[in-house]
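Counting starts at 1 for both ligands and their atoms, following the listed order.
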Amino acid sequence: MQQYLLDSLHELQAHLAQSYQLYQVIDNDGDTSWQHVVQAPYGELVSKLPQSSAKGFFFTEQETLYVFDGQYFRETIPQPEPFVLFGVQSCDLMAIHYQDIFFEEDPYYQARRQQALLVGIDCVQPCQQGFCYLVNAGPGVRDTTADLILHPLENSQWLLIVVSERGNAALHGLTLTPASSDDKKQRWDNLSQCEHQFGDHSYILEGIDKLNRDLPSDAFWQQVAVQCIACSGCTTLCPTCSCYGTQTKVMVPAAAINSPETGTEGGEPNGVKSSTVRFWDSCLYEGFQREASFHNPSEQAGDRVKRFWYHKFSHDFVPEFGRYGCIGCGRCEQTCPGVIGVHSVMKRIVKDA
Ligand code: SF4
Ligand code: SF4
């Protein structure tokens, strides 16, 4: 594993921007979000976790899967330019790793994923609601989840660690100074110090244990669910949530618009067409599992809330993904207007279940 010492990130950013579309987290008056940085200055790396994770880069909020031109169905696989996500925190990288498994056979996801270079950044301070250290997702970037890793050192210098072939190739043409053993040691010291600064989250472990012993009753979940307004904030922001729905939209020639027979919309000049889109769905919606027969396995709000938390922490999913479905980012706690994010729910399980 090659490791280098950088005096600043600007040269690396400029080098990568020659071959990749560069995306970075930008802080806009406290609102942090991923943005395309078109040209220098590239700006400093923001250490705050962005409100939205990087999942939308690969599993987009809405996209066309295929169109029907009246004769043939045609897939619409995306063909993005190579792009780099510069400065992804460890927990969000673990979420991408999780999604890579879920979407392994999905050509739309993979078309984007294959074009991406992931530059991770170690966290040296705990974030507000985070507990990555408890669920094997941080604060240090895991070697298997990134192509390159950045670690902030003293005097505004950086340690650059190469952890994949793709990362190595991306550095071709840059003159780099090898890191010393002191620089490498500083990384482990900083990460260990950071882990010790997290608060006491033992109630999360206790909650996971109770949940896996199926101790929370249906009545408990029903009580919790009274506070869910099905806004989908949690599933939208959760970086490991991957549920989606599909819908086919039929378009008819202009002459047929407003026809009482068709009742359809559109007006394509080249004859009848349809396009099928997929979009993010939410397991907290009442109709999420409703079948065509109107049978609904999760008709009660309590069943839906329970389902969400089992998907995050049940041992049943560990064999498939090698880990829990939660990477400890705390976004659900920050966003839920009903105060039933991960910390609140786990505390209630410990106390009441
Ligand atoms: S369940 Fe909450 S804390 Fe866990 S990954 Fe999803 S948003 Fe983050
Ligand atoms: S964010 Fe809270 S209120 Fe909104 S859907 Fe999720 S659990 Fe329900």
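In summary, an N, O or S atom of C228 is located under 2.8 Å from atom 8 (Fe) of ligand 2. Counting backbone and side-chain atoms alike, C234 contributes an N/O/S atom closer than 2.8 Å to atom 6 (Fe) of ligand 2.
Closest heavy-atom approach to atom 7 (S) of ligand 2 among the candidates V305, T335, I340, T236: I340.
Between the side chains of Q35 and S33, at least one donor-acceptor pair of N or O atoms lies under 3.5 Å.
Contact annotation: for A230 versus ligand 2, heavy atoms closer than 4.0 Å belong to the backbone alone. Contact annotation for S232 and ligand 2: only backbone heavy atoms (N, CA, C, O) come within less than 4.0 Å of the ligand.
For the pair R113 and F58, the distance from NZ or CZ to the six-membered ring centre is under 6.0 Å and the angle to the ring normal is within 45 degrees. A cation-pi contact links R278 to Y244, judged by a cut-off of 6.0 Å to the six-membered ring centre and 45° from its axis. Under a cutoff of 6.0 Å and an axis angle of 45°, K306 and F308 do not form a cation-pi pair.
In terms of protein heavy-atom proximity, atom 2 (Fe) of ligand 2 is nearest to C336 SG, 2.3 Å. Ranking the protein heavy atoms by distance from atom 4 (Fe) of ligand 1 puts C326 SG, 2.4 Å first.
Residue-ligand proximity: I327 is placed with a non-hydrogen atom under 4.0 Å from ligand 1.
Aromatic rings of Y324 and F317 (six-membered ring for Trp) have centroids beyond the 6.0 Å cut-off, not under it.
For ligand 2 and I229, the ligand atoms under 4.0 Å from any heavy atom of the residue are 3 (S), 8 (Fe).
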